[in-house]
Number of protein chains: 4
Amino acid sequence: MDWEIDNNKPIYIQLLEQIKLKIVSGEIPIGSKLDSVRALAQEAEVNPNTMQKALSELEREGLVFSKRTSGRFVTDDKERVDNMREDMASIQIKLLKQTLQKLGYDTSEIIELIKHNLEEE
Amino acid sequence: MDWEIDNNKPIYIQLLEQIKLKIVSGEIPIGSKLDSVRALAQEAEVNPNTMQKALSELEREGLVFSKRTSGRFVTDDKERVDNMREDMASIQIKLLKQTLQKLGYDTSEIIELIKHNLEEE
Amino acid sequence: MDWEIDNNKPIYIQLLEQIKLKIVSGEIPIGSKLDSVRALAQEAEVNPNTMQKALSELEREGLVFSKRTSGRFVTDDKERVDNMREDMASIQIKLLKQTLQKLGYDTSEIIELIKHNLEEE
Amino acid sequence: MDWEIDNNKPIYIQLLEQIKLKIVSGEIPIGSKLDSVRALAQEAEVNPNTMQKALSELEREGLVFSKRTSGRFVTDDKERVDNMREDMASIQIKLLKQTLQKLGYDTSEIIELIKHNLEEE
DNA sequence: GTGGTCTAGACCACC
DNA sequence: GTGGTCTAGACCACA
């Protein structure tokens, strides 16, 4: 697992987001066991408390659950994960649309812009 | 000018972004005079210092300049504003692309998704 | 750290300049940790906000970066610091040259003048 | 007379400095009559009050004097002007020396630097 | 009246 | 404890 941490956002949020992305994208399969907090923390070079906070948050969101003694697991609720993936995509796209509209682009221009930007490189 | 402030981001950043959007979208015309710091602060119901900070940032970005005793003005450099508009759009689109890729969508899926989401509503 | 504040310039600019000088001259080593905003402010006998403003500027210039909870550090980019040192010197010299030219001295006179003034004392 | 005004310094200071330079450099000859405040203000595109302030200041410094009804004149005290020219040069050079020393250059390095910078271009 | 600076003091999230 | 943000209120030079 590769981690990218910068100083502009709370670290635990960054951890949270990156784990979340890996779960919904399937890079971390549903039902699989996560490494220990300590191991993850070491890997990401953060304080274990910080990693702990990220995981607790994921638990709150239902993406992850812990079995008392055997560790933490990714939820095995495929539907939930799939929905989340679609929702995240949909939300991002709508936010983009909003922003571009505020910038004064109309719908047809937006489509043009996106095509142009997606194609290049 | 209408202001929307929430608690998820520093206020001065939100002010900054909203003014910026209005400038690049043309809602505030290039070369025009802005209201005084105090007036804007009152309108947005924030402390004058906070508004000042937002405007200073805009000044750093070259979107705005101040004449010490006669007020603050939007730059009259049309090209700069236009470029900034395009850049902002382009950056947003690329960020979306990145996020969707991290979510595991490939380029053709991304295009499908966007079409689907833009058309609805 | 010794501070010299007068009333001819904004305080935060003076703080900024003095810290900058100490960094580029190596008096404050690259990569080292700065005292906390509060400590520095107390030392310089200014309001913490004023010191904060000075440090934020330095951060904008890339000479310093902050880790939100562990403090502020001098950049460890030696090249950047060295370049800045050279640039600052070069700029000062060119400004001097300009001024002396405006005073009506030609290049050879300028060299004479400088020699004369540098040697004495 | 060509004027360069920016927004980073008090305008009257900029006017003052530019007139002063032109007097000590001889561009405006000693004993000569200055244009009227109104004419100068128009030329420099500033408020007459501002130009007035600059000239008053020059008067205080003894570089300029006014004859009740016939206008303002540059002092005809050649020695004073010459001294001022030399002093200004000398002060600038000493300031440069100080700055470079604070940047950590020793005297021989300073000479090298200056040679290098003066020769180029 | 304008932008700009400064202080004092408070609060917050983060680690 | 750290940096960061925000408010309230004051003062200044400039035009």
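Chain naming here is simple, since letters A, B, ... match the order of the sequence lines and numbering starts at 1 in each.
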Provide the full list of salt bridge (Lys or Arg N to Asp or Glu O under 4.0 Å) pairs with a residue in residues 34-45 of chain C, sequence neighbours left out, each pair given once.
none
Would you call C:D87 and C:R80 a salt bridge, using N to O less than 4.0 angstrom?
no
Looking at residues at least two apart in the chain, or sitting in another chain, which of them share a side-chain contact (heavy atoms from CB on, under 4.5 Å) with A:A41?
A:V46, A:P48, A:M51
Side chain to side chain, C:V37 and C:N49, heavy atoms closer than 4.5 Å
no
Nucleic acid contacts of residues 62-75 of chain C, taken as heavy-atom distances under 4.0 Å to DNA chain F
C:S66, C:R68, C:T69, C:G71, C:R72
Here the ring-ring contact (aromatic ring centres under 6.0 Å, His included) pairs for residues 17-49 of chain C, sequence neighbours left out, are none
Under 4.0 Å from a heavy atom of chain A: give me the 5'-most and 3'-most nucleotides of DNA chain E that qualify.
E:dC14 to E:dC15
Counting only heavy atoms from other residues, nucleotides and ligands, does the tally under 6.0 Å from NZ of A:K22 exceed 12?
yes
Any side-chain heavy atom of C:I23 within less than 4.5 Å of one from C:T75?
no
Note the angle between the end axes of the helix from E:dG1-F:dC14 to E:dC14-F:dG1, five pairs defining each, rounded to 10 degrees.
10°
Please determine whether a side-chain nitrogen of the Lys or Arg among B:K67 and D:D6 lies less than 4.0 Å from a carboxylate oxygen of the Asp or Glu.
no
Give me the residues of residues 35-54 of chain C where at least one heavy atom lies under 4.0 Å from an atom of DNA chain F, by number, or none.
C:S36, C:V37, C:R38, C:N49, C:Q52
Could you tell me if the side chain of C:I5 sits less than 4.5 Å from the side chain of C:L15, heavy atoms only?
yes
Go through residues 8-23 of chain C and report each residue with a non-hydrogen atom lying under 4.0 Å from DNA chain E, sorted by number.
C:P10, C:I11, C:Y12
Quick one: does D:I28's side chain get under 4.5 Å of D:L34's, heavy atoms only?
yes
Within residues 36-79 of chain B or reaching into it, pairs that qualify as ring-ring contact (aromatic ring centres under 6.0 Å, His included) - sequence neighbours excluded:
B:F65-B:F73
Would you say the side chain of C:Q92 lies within less than 4.5 Å of the side chain of C:L96, judging by non-hydrogen atoms?
no
For A:E59, the side-chain hydrogen bond (donor to acceptor under 3.5 Å, both in side chains) test, sequence neighbours excluded, returns A:S66, A:R72
Restricting to salt bridge (charged side-chain N to carboxylate O under 4.0 Å, His left out), what partner residues turn up for A:K20, sequence neighbours left out?
A:E61
Output all residues satisfying side-chain contact (heavy atoms from CB on, under 4.5 Å) with A:P10, sequence neighbours left out; order by chain, then residue number.
A:Y12, A:I13, C:R68
